[in-house]
Amino acid sequence: MSSGRATVKSVLSADMVVLSGRPRPGGPPATRTLGLNYIQAPKLGNKDRSDEPFAFAARNYLRKLLVGKEVMFRVDYTVPNTGREYGAIFVNQENIAHLLVREGWADVREIRASESENVDAEALYSYKAEAQAAKRGIWAENETGIRKAHYNLEGDAGEFLEKYKGKQLPAIIESIRDGSTVRACVTLPNDEYQYITLMISGIRAPVVRQGIANTEDIVEPFGDEAKTFVETRLLQREVRVILEMVGQSGNNIFGSIIHPAGNIAEALVSNGLAKVADWSITCVTGGPTILREAERKAQASKLRLWQDHVTKAKGQDHEFDATVVRIMTGDTIIVRNIKGQERKLRLSNIKAPSRLAQQKGVEIASFDHEAKEFLRKRLIGKNVHVTIDYVKPPSDQFPESTECATVKVGEINVGEQLVVKGLADVIKSREDRSQFYDQLLVAEAKAKEEGKGKHSAKEPPKYKWSDASENAAKAKQFLPFFQRGGRTHAVVEYVANGSRFKLIIPKENCKMTFVLGGVRCPRAARSAGEKSEPFGAEALDFVSRRCQQREVEIEVDSLDKTGGFIGTMWLNKTENVAAQLLDEGLATVHGYSADQSKYSSQLYAAERAAKQDRKNLWANVDPNAAVEEEEVDASKPLKKEYLDVEVSEILSGGHFFVQIVGQQLDGLPKMMSELGIHHKSASSAPMNWKPRTNEIVSAKFTEDNQWYRAKVVRNVAESKSVEVVYVDYGNSETIPLSRVCPLPSQFSSLPQQAHEAVLSYAKVPELKDDYGNEAAEFFRDQVSGRQLVGVVEQREHNVMHLTLYDPKVSQDPDRSLNAKLVREGLATVSLKTRYARHPSNQNLVAKFQEATALAKRERLCLFEYGDNTADDEDSRY
């Protein structure tokens with residue numbers, strides 16, 4: 001006979017328990033099975049037989065009473081053939097056998113005379129009679145005491161999962177196979193019991209496989225410790241289980257175990273007794289974060305399974321902010337950091353669909369374009385936060401090492417967004433992983449479940465791109481269509497040089513070569529051995545940073561010889577790319593094509609500003625240097641253009657803006673009225689919007705508080721204001737930023753109505769010069785409120801040289817407004833222009849010279865003190 005103390009590990013039936021000793025170094029604690037002497041309780045069933053009546057209830061009573069508690073035990077005898085021990089268990093000095101009989105959960109077996117000395121038979125029979133009289137437990141008359149239990153799944157595991165997935169089901173953990181696999185008795189909503197083998201989602205503990213026939217025993221390192229860890233906490237405890245997935249084999253059910261004392265999965269992982277399992281982490285209720293954090297702590301502390309773990313060293317610049325400058329594929333981008341360095345990055349653990357080669361006239365069904373477009377719309381030009389997760393060494397597919405990174409816009413992981421929309425797969429890996437690897441797996445599982453993108457049963461979208469610039473003949477067919485269409489939405493696919501692009505027109509499923517009209521841009525080298533023209537590389541870089549893979553609008557004017565479409569390109573609806581190049585001194589005006597453009601004034605103004613600031617191409621050019629006179633070809637007659645005009649703004653007596661009378665000018669009042677109505681509900685600019693130089697905006701004129709179209713001349717940062725020119729009238733002012741808004745695109749179709757002009761043949765003093773104010777006032781008196789005829793002698797840099805007549809007075813050259821100013825001594829004759837030196841105009845020039853002579857003789861205005869003007873203009877005479 002032996003006795004001692006032990007902990008009750010489990011209860012097999014109401015008369016049979018398993019006792020556990022103290023933990024032993026290097027192995028699990030010793031256990032012994034002890035039958036309660038002199039009583040007999042009903043036995044639980046199995047897959048081959050059903051429960052005896054009240055077996056489950058009786059076992060449950062004793063389970064709740066003893067499991068996990070320390071008890072006193074006494075072994076009375078051992079059966080020789082089986083080695084099974086029988087004896088007594090005491091809790092607080094009370095014999096558990098007596099308690100079971102008294103509560104009706106056990107019967108008293110026949111006590112032989114030889115045993116009567118070791119047992120209080122009279123007490124046991126008394127307790128039995130008491131229980132029978134009270135109809136307790138097994139003696140109840142109105143209950144069968146038989147439960148309906150299923151020891152194997154009836155039907156498919158997937159169907160069972162779908163029925164109960166996500167629900168918290170009460171259960172009892174009946175046995176522990178290893179640290180992450182248990183046998184659970186689940187109580188179903190219909191009060192039936194289902195036994196299942198449950199694998200804990202999100203973790204994998206070391207394997208423990210022992211005592212299986214014809215199978216070699218396997219106990220992986222720390223396997224026994226992990227199993228004991230779970231047994232002491234969960235074995236025969238009441239828990240709730242959440243069924244979450246079925247394994248790839250279709251039989252294994254994965255789920256989470258909920259216990260009031262804590263999360264067993266987290267406890268195993270944090271103690272280094274289990275690792276996170278990627279194949280099931282995605283379905284863990286509550287997400288993978290807790291388990292991953294527990295694993296990181298165990299790794300840092302090198303606990304048990306991680307005792308040989310080595311943390312990978314991170315580079316000095318593994319985390320940085322950058323701007324996305326190009327999308328290479330659906331999973332590869334190029335960024336530029338704050339130092340101006342470009343780095344090629346692949347999204348960590350992301351694989352987008354492979355890019356298929358475009359074949360002429362063939363539709364391609366693939367998600368590669370969708371994935372690339374998704375990244376382009378969300379990343380190009382955006383500031384992002386980059387974290388380098390790992391670096392892939394060179395391989396046959398990638399000859400250079402590849403930096404793999406997590407890229408975030410704000411708090412949004414773009415790789416995760418790609419996966420959740422079904423536009424990419426997750427690359428599974430044990431070593432090379434994104435810091436958000438689990439979120440990627442969850443996103444992929446969600447995309448598959450919802451049938452998104454490439455996981456859909458539908459066919460991939462089809463794309464067929466027609467090249468409108470394939471040859472000149474084909475381009476001519478497209479030209480009228482694009483000319484009639486006005487502004488057309490496009491995407492810059494590629495920048496060849498500062499003024500030449502490859503565009504995609506999504507709406508028309510076509511591509512084209514596009515050339516900026518009105519400018520000539522220095523050529524950049526196409527290969528390492530080729531030399532760029534001066535500032536060609538700078539122009540290419542300038543345009544690439546602003547336009548590469550951006551959405552733009554184009555207006556097509558004409559074609560070049562190779563099928564390239566020539567016209568104007570707009571960024572952000574208002575920024576003329578050609579004007580921006582000119583403003584930076586990275587291009588020059590191409591006179592012929594610029595004069596054909598309705599935006600020529602912007603181009604010439606931008607070039608003048610770059611010259612004045614001596615930027616780039618103009619760095620060594622003196623803007624004030626005299627220009628050599630052009631030779632005049634006397635054999636070619638001069639072409640003159642006659643316009644009806646009204647002077648809208650006077651800058652000086654010889655420098656002004658006119659509006660050309662006609663259908664376009666008639667449309668101005670209507671447009672102005674609609675603009676005013678628009679700004680009644682949109683009178684302030686969007687937050688953080690700042691107008692750019694040369695941008696066309698809506699501006700509220702100070703004098704009448706009405707909205708007009710205007711061009712930004714310069715920003716005055718210190719006073720938070722801008723200098724603008726009102727493009728339909730020519731007047732200018734400096735106004736606060738609060739009086740400026742973006743110009744809606746519907747108000748850009750009407751061409752600008754104010755045209756810059758100077759008086760032909762006449763040199764009129766500026767306002768700051770002597771008699772400058774008088775000249776301006778005289779000119780104002782002559783033109784105010786009158787419709788005039790303007791003879792266009794020359795267009796230079798989009799500035800018209802005009803001879804003005806009042807048709808109600810005369811159209812005789814002697815009586816032009818130009819001649820009047822000369823005759824009044826408020827202007828001198830200018831002979832530096834080509835038209836003034838042309839033989840056909842020499843009689844007119846002579847008339848102007850005569851008027852000058854009369855003014856000098858009468859000492860009028862400029863000649864008040866004699867002929868003190870420079871004589872260089874008249875040297876030929």
Side-chain angles (χ1 to χ4, degrees), residues 1-49 51-52 55-56 58-59 61-63 65-91 95-101 105-121 124 151 173-178 183 208-219 223-225 227-228 230-232 235-236:
M1 181 181 295
S2 63
S3 63
R5 289 183 175 274
T7 300
V8 177
K9 180 179 179 181
S10 62
V11 175
L12 304 180
S13 64
D15 58 4
M16 189 73 65
V17 299
V18 178
L19 301 176
S20 174
R22 296 185 180 278
R24 297 180 300 177
T31 61
R32 67 198 308 167
T33 302
L34 182 66
L36 297 181
N37 209 354
Y38 310 118
I39 65 172
Q40 184 175 346
K43 300 297 184 286
L44 292 174
N46 53 39
K47 64 179 181 178
D48 299 320
R49 59 180 176 80
D51 290 356
E52 294 179 358
F56 185 74
R59 198 285 301 261
Y61 175 82
L62 191 58
R63 178 188 63 78
L65 183 66
L66 295 185
V67 169
K69 293 181 180 179
E70 188 177 62
V71 297
M72 291 286 296
F73 71 92
R74 184 189 72 228
V75 178
D76 293 333
Y77 65 92
T78 303
V79 177
N81 295 334
T82 63
R84 178 167 295 176
E85 298 178 325
Y86 287 88
I89 293 177
F90 300 89
V91 175
N95 191 322
I96 294 302
H98 291 191
L99 180 62
L100 285 167
V101 173
W105 296 118
D107 193 2
V108 180
R109 70 174 176 81
E110 183 180 355
I111 300 175
R112 295 187 293 270
S114 60
E115 300 173 327
S116 59
E117 296 180 359
N118 299 323
V119 63
D120 189 349
L124 285 175
Y151 291 92
I173 305 301
E174 295 290 355
S175 63
I176 311 294
R177 190 178 77 185
D178 57 43
R183 183 76 172 165
V208 177
R209 188 173 65 197
Q210 294 174 309
I212 302 177
N214 302 319
T215 304
E216 182 182 359
D217 288 351
I218 296 177
V219 180
D224 282 332
E225 187 175 353
K227 180 179 179 181
T228 302
V230 177
E231 284 179 339
T232 58
L235 183 58
Q236 290 204 334

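- Heavy atoms only, all atoms of each residue included: P42 and E52 are closest at CA-OE1, 3.1 Å.
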**Message:** Determine whether V8 and L19 satisfy the following criterion, side-chain contact (heavy atoms from CB on, under 4.5 Å), listing intermediate values before the conclusion.
**Reply:** CA-CA 5 Å; V8 177; L19 301 176; 3.9 Å; yes
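- Looking at every heavy atom in both residues, A41 comes nearest to W105 through CB-O, 3.8 Å.
- Contact check for L65 versus V91: no side-chain heavy atoms found under the 4.5 Å cut-off.
- With contacts defined as side-chain heavy-atom distances shorter than 4.5 Å, the pair M72/N95 does not qualify.
- We find the CD1-CG distance between I89 and L99 to be 12.0 Å, quoted to the nearest 0.5 Å.
- One finds the CG atom of D224 at 6.0 Å from the CD atom of Q210 (value rounded to the nearest 0.5 Å).
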**Prompt:** Could you walk me through whether L34 and F73 pass the side-chain contact (heavy atoms from CB on, under 4.5 Å) check?
**Reply:** CA-CA 9 Å; L34 182 66; F73 71 92; 4.0 Å; yes
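- For R22, the CZ atom counts as loosely surrounded, since its 6.0 Å shell holds 12 or fewer non-hydrogen atoms of other residues, nucleotides or ligands.
- The salt bridge (Lys or Arg N to Asp or Glu O under 4.0 Å) check on D15 picks up K43, with sequence neighbours excluded.
- The distance from atom OH of Y38 to atom NE2 of H98, rounded to the nearest 0.5 Å, is 10.0 Å.
- Closest non-hydrogen pair, L100 versus A14, comes out as CD1-O, 3.0 Å.
- Within the model, atoms CD1 of I39 and CE of M16 stand 10.0 Å from one another, a figure rounded to the nearest 0.5 Å.
- For the atom pair CD of E174 and CG of L12, the computed distance is 10.0 Å after rounding to the nearest 0.5 Å.
- Here the closest non-hydrogen pair linking G21 and P29 is O-CB, 3.4 Å.
- At least one donor-acceptor pair closer than 3.5 Å links the side chain of Y151 to the backbone N or O of G45.
- D48 CG: more than 12 foreign heavy atoms inside a 6.0 Å radius.
- Residues meeting the side chain to side chain contact (heavy atoms under 4.5 Å, CB included) test with D107, sequence neighbours left out: K128, I138, W139.
- Taking the side chain as every heavy atom from C-beta outward, I111 and L124 approach each other to under 4.5 Å.
- The CG atom of D76 lies 12.0 Å from the OH atom of Y86; values are rounded to the nearest 0.5 Å.
- The stretch residues 78-87 participates, sequence neighbours left out, in these salt bridge (charged side-chain N to carboxylate O under 4.0 Å, His left out) pairs: R32-E85.
- D51 approaches A55 most closely through the heavy-atom pair CB-CB, 4.4 Å.
- Heavy atoms only, all atoms of each residue included: T228 and P28 are closest at OG1-CB, 3.6 Å.
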